[in-house]
Amino acid sequence: MSESTNRAPLDAELGQLSAQLLAMGGLAESQLSQALYAITRASGETASQVLELERRVNAGEVAIERELWALVARQQPNSRDLRLLIAVSKMVRDIERIGDEASRVARAAHRLLGHGLVGPLREPLKAIASTGQMALRELRQALDAFARQDVELALAVLRSDELLDAGFDQLLRSLVQMMGDDPRTISSGIDLIFAAKALERVGDHAKNLAEQVIYCVKGTDVRHTPLGGVEALVN
């Protein structure tokens with residue numbers, strides 16, 4: 001029997017596991033997109049839907065981890081396969097945490113509805129929308145990089161995250177100044193800070209996903225490595 005025939009069952013299971021991870025990532029992506037809609041359009045109904053999706057993302061994490069370790073027990077993965085399995089075990093946690101951050105944005109949206117929006121809050125909400133779109137784009141790129149096993153796309157995520165971090169810092173400063181200038185905005189401003197921080201953390205988790213893609217493809221652990229160092233290692 002040929003090696004390719006021997007590998008067929010393992011390849012099928014690895015493919016199924018990867019598909020499960022991407023499906024879970026798609027749920028988290030939908031959750032984040034709806035959370036952004038909820039907070040920028042003041043939609044309590046959409047915010048509640050985000051919290052419902054969180055349960056499905058959490059269930060996906062449990063199912064993937066159970067299947068992953070069952071696969072290790074059933075099969076004899078080689079070093080390349082093990083890299084994929086290790087990466088999936090870490091990525092599934094980051095995706096679950098992205099779901100958590102989306103839920104934090106949704107809860108902030110609920111609180112904002114209770115506080116009401118005064119005029120000065122409308123500009124920061126536009127910045128929240130822009131930051132959220134950057135985070136959503138990073139997540140999509142990271143999932144696409146995994147699906148394609150594309151190192152260049154993973155590197156693009158790492159580069160984008162630096163821009164997202166800079167945008168978050170600017171947004172944070174503007175919110176603090178707004179609250180100092182207009183005490184009516186303090187309660188809502190605090191909620192927006194929590195939402196902005198959650199979106200910044202989504203970017204961090206998307207960056208983690210991209211780093212695991214590089215590990216899968218190159219066998220190189222680039223965590224805690226500056227961007228310039230990562231580019232030198234993988235090129």
Side-chain angles (χ1 to χ4, degrees), residues 18 21-40 50 53-54 57 60-61 87-106 108-109 124-172 192-218 220-231 233-235:
S18 296
L21 182 75
L22 290 170
M24 180 184 172
L27 281 177
E29 183 182 324
S30 177
Q31 196 181 359
L32 179 59
S33 180
Q34 290 186 40
L36 287 174
Y37 183 92
I39 198 164
T40 57
V50 173
L53 275 176
E54 183 179 20
V57 172
E61 178 191 23
V88 168
S89 72
K90 293 177 179 178
M91 292 175 76
V92 71
R93 293 171 191 170
D94 277 298
I95 292 173
E96 187 273 333
R97 287 165 187 164
I98 287 171
D100 289 344
E101 301 301 343
S103 292
R104 289 187 177 94
V105 175
L125 273 174
K126 292 179 183 177
I128 288 280
S130 177
T131 300
Q133 288 302 319
M134 290 179 66
L136 187 59
R137 184 165 57 250
E138 275 192 41
L139 173 57
R140 287 171 176 160
Q141 285 183 323
L143 293 172
D144 198 16
F146 176 73
R148 299 181 187 185
Q149 294 291 282
D150 187 330
V151 169
E152 286 304 316
L153 192 53
L155 284 172
V157 175
L158 304 189
R159 296 183 189 110
S160 296
D161 193 56
E162 293 194 346
L163 296 175
L164 191 152
D165 288 343
F168 167 73
D169 290 342
Q170 183 177 353
L171 174 56
L172 184 60
L192 289 177
I193 287 174
F194 279 128
K197 181 59 180 176
L199 294 171
E200 188 265 343
R201 289 292 297 145
V202 169
D204 289 342
H205 290 302
K207 178 182 176 182
N208 291 347
L209 297 178
E211 289 172 344
Q212 291 306 317
V213 172
I214 294 171
Y215 173 70
C216 275
V217 177
K218 295 290 189 178
T220 303
D221 188 345
V222 297
R223 293 175 299 169
H224 316 302
T225 304
L227 177 59
V230 176
E231 291 172 328
L233 283 169
V234 302
N235 292 325

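Note that the NZ atom of Lys207 and the CG atom of Leu164 stand 11.0 Å from one another [nearest 0.5 Å]. Here the straight-line distance linking atom CG of Leu22 with atom CG of Leu27 works out to 11.5 Å at 0.5 Å rounding. Atom-to-atom distance recorded for Glu211:CD and Leu158:CG is 6.0 Å, nearest 0.5 angstrom. Atom OG of Ser89 and atom CD of Glu61 lie 11.0 Å apart (nearest 0.5 Å). For the atom pair OG of Ser130 and CG of Leu125, the computed distance is 12.5 Å after rounding to the nearest 0.5 Å. Atom CZ of Arg137 and atom OG of Ser160 lie 6.5 Å apart (nearest 0.5 Å).
The closest side-chain heavy-atom distance from Ile98 to Leu209 is below 4.5 Å. In this structure, the side chains of Glu138 and Asp161 come closer than 4.5 Å at one or more pairs of heavy atoms. Put simply, the side chain of His205 does not reach to within 4.5 Å of the side chain of Arg93, judged on heavy atoms. The side-chain heavy atoms of Lys197 and Glu101, taken from C-beta on, include no pair separated by under 4.5 Å. A heavy-atom distance below 4.5 Å is found between the side chains of Leu233 and Val222. A 4.5 Å side-chain heavy-atom check between Asp150 and Asp144 finds every atom pair outside the cut-off. Side-chain contact between Val217 and Val234: absent, with no pair of heavy atoms (C-beta onward) separated by less than 4.5 Å. The shortest side-chain heavy-atom distance between Arg140 and Leu136 falls under the 4.5 Å cut-off.
For CD of Glu231, the number of neighbouring non-hydrogen atoms (other residues, nucleotides, ligands) closer than 6.0 Å is greater than 12. Within 6.0 Å of the CZ atom in Arg159, the count of heavy atoms belonging to other residues, nucleotides or ligands exceeds 12.
In plain terms, the two heavy atoms of Ala210 and Ala142 that are nearest each other are N-CB, 4.3 Å. Scanning both residues, Ile39 and Ala195, for their nearest heavy atoms gives CD1-CB, 3.5 Å. Heavy atoms only, all atoms of each residue included: Glu29 and Leu143 are closest at OE1-CD1, 3.9 Å. Nearest heavy atoms, Ala196 versus Leu171: CB-CD2, 3.6 Å. Scanning all heavy atoms of the two residues, the minimum distance from Val202 to Ala135 falls at CG1-CB, 3.9 Å. Nearest heavy-atom pair, Ala87 versus Cys216, reported as atom, atom and distance to 0.1 Å: CB-SG, 3.3 Å.
Between the side chains of Ser103 and Gln31, a donor-acceptor pair is found at a separation under 3.5 Å.
The only member of Asp94, Val92, Asp100 that meets side chain to side chain contact (heavy atoms under 4.5 Å, CB included) when paired with Glu96 is Asp100.
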